[in-house]
Every structure is written in structure tokens, then in C-alpha cells.
A.B. asks: 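Handing you this structure, nothing more for now.
As the structure lists them, so they are numbered: ligands from 1, and atoms in each ligand from 1. Values reported hereafter were calculated over all heavy atoms of this structure, with side chains retained and with hydrogens, waters and symmetry mates removed. Residue numbers count from 1 along this sequence.
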Amino acid sequence: MNIIEVKNYDEMSLKAAEYIINRVKNNLNLNLGLATGGTPKGVYNKLIEDHQQNHTSYKQVKTFNLDEYIGLSKEDSNSYHHYMNENLFQHLNILNENTHIPSGLNDDNEAECRKYESLIIEAGGIDLQILGIGANGHIGFNEPGTSFHSKTHVVDLAQSTRKANARFFHSLDEVPTQAITMGIQTIYQSKEILLLASGKSKQDAMVKLLSGEITEEFPASILNNHPKALIIADEEALFRVKEISIF
Ligand code: PGA
């Protein structure tokens, strides 16, 4: 796992955007895995700026998002469908039919999981997956204890995750209790992974990730084995790692 340290959130966003743009330019048919949450918003802003200024084209790019809350419609302002449209898709020349996010409203969630997994395989797999990291080490919504062999599946969200995400809702009660997420194996099979971390709330997660111990109790730890994983993290996120000199 390689690691690039940057000064702050803005620099992390810029570096990550440059990395993605480079991949898009080199592979017009890129299959790009996307994340939601606070971390990648700045990256998406930079991708939009670049698209407006330099006309980088997303016409043949396919995207696959990590996850979606169960029980929220696509139109719900807290759904990840809504997040992606607002924060990225509607500002690029990406085709609607080329953007993929699991549906959170299904009669049969298990069937939706199987369908999503097949979609990724039929597209030829993900070339570059963007990841944030939860304070508990989750990637996507794969909470501690999830099998490293998991494929797209239904998860019960950890209370800590619901609390962390409650800032986007009116109250904790409104935060859904379940989600559909790509599994850890699904994520791991991406040809390349770019994990982003910024700020104090990620300090402990960075220590655990970079300690080198690989355990299902800390889902992101599997990335230590990935042949092409890069972390871009800012000084604040890496503060404790450097304090105890593991980086
Ligand atoms: P955040 O979430 O980007 O909002 O910090 C990351 C995550 O929970 O994976």
C-alpha cells in the first residue's frame, strides 16, 4: 500500500482528482467505483471544475457506487442517488445509464445484491475504486466483523456509523438501520484502489490501517494485501501515525 501525505483537505481533493482525471484520460471506458460521505465531496468539485475548464469527457465512463441506504427512494435528499446526482453526475457529460448505484427500495433486497454484483462483473470489473474510511475501519458499509469474502450484501449499520452520519439527517432516528453495500471481496477485486482520509476523526483509523495487522475486525486492513492500493491522507489524519512512527 502506497501513501501520499498532503497538507489538508483541499490538497487531498486536488491530488485525488488529478489521479482520477489521469485514469479517465488514459482509459475512455474506465469503470470507476465511487464513494459518498463528506470525504469525496471536494474531489467531485475538482472533477466538475476540470470538466468545465478542460472538457475531460465521461461519455463512455461507467460508475459503480459502493452503497445505498435501504428504505430511501432515489429522490430522498439523504439517498446516495441524490448525493451523486447533486454532487457529481448532473455536472458531467456522463450518461445516466452508465451510472450504477444499488437500489434502496426493493421487494427483494437479496436479488438486488445479486444483480448489482453481476452488473460489475459484466462490465469487466472496477478499474479504480475510490474509498473513504469509517472511524471503525469500515469501507463501503462493511462494518467490523464482515467477511473478507463478502460480495454485495445487506448490512445492519453499526450504531457508531448511524451516529456519524446523523449529521446529514434531522435526527438519529431518521438514519436508516440497513444498507446495501458492495462486499469486501467486491471492493478488493478492483484493479486499483484510492483511499482518502482527512481530519482528526480519521487519526485512529489511520493508525490501525497502517499498523499492518490484517483482521476482519478492521475491514480496511485487507487493503494492506492489495497489489495496487494508494492512500492519500492529510497531515491531520496522519498525525498519530507519525507520532508513534509507523509511517
Ligand atoms: P466520511 O465517511 O467521508 O463522511 O467521513 C467515510 C465513511 O464512512 O466511509
A.B. asks: Closest non-hydrogen protein atom to atom 5 (O) of ligand 1, residue and atom name please, with distance?
C.D. replies: Lys202 NZ, 2.6 Å
A.B. asks: Distance to 0.1 Å, residue and atom name: give those for the protein heavy atom nearest to atom 9 (O) of ligand 1.
C.D. replies: His138 NE2, 3.3 Å
A.B. asks: Between Asp76 and His81, is there a side-chain donor-acceptor contact under 3.5 Å, judged purely by atom types and distance?
C.D. replies: no
A.B. asks: Between Glu117 and Arg114, is there a side-chain N and carboxylate O pair less than 4.0 Å apart?
C.D. replies: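 Arg114 and Glu117: not salt-bridged.
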A.B. asks: Identify, by atom number and element, the atoms of ligand 1 in contact range of Gly134, meaning under 4.0 Å from any of its heavy atoms.
C.D. replies: 7 (C), 8 (O), 9 (O)
A.B. asks: At their closest point, which heavy atom of Leu209 faces which heavy atom of Ala220, and how far apart are they?
C.D. replies: CD1-O, 3.3 Å
A.B. asks: Among all protein heavy atoms in this structure, tell me which lies nearest to atom 6 (C) of ligand 1, with the distance rounded to 0.1 Å.
C.D. replies: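 Nearest protein contact, heavy atoms only, for atom 6 (C) of ligand 1 is Ile133 O, 3.6 Å.
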A.B. asks: Below 4.0 angstrom, N of the basic side chain to O of the carboxylate: do Lys46 and Asp10 qualify?
C.D. replies: yes
A.B. asks: Considering heavy atoms of the protein only, find what lies nearest to atom 4 (O) of ligand 1 and give residue, atom and distance to 0.1 Å.
C.D. replies: Gly38 N, 2.8 Å
A.B. asks: Can you confirm whether the side chains of Gln60 and Asn29 place a donor and an acceptor under 3.5 Å from each other?
C.D. replies: yes
A.B. asks: Can you tell me which residue and heavy atom of the protein come closest to atom 3 (O) of ligand 1, and the distance to 0.1 Å?
C.D. replies: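 Of every protein heavy atom, Thr39 OG1, 2.4 Å lies nearest to atom 3 (O) of ligand 1.
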A.B. asks: Ignoring hydrogens and geometry beyond distance, is a side-chain donor-acceptor pair present between Tyr116 and Glu68 at under 3.5 Å?
C.D. replies: no
A.B. asks: Does some non-hydrogen atom of Lys41 fall short of 4.0 Å from ligand 1?
C.D. replies: no
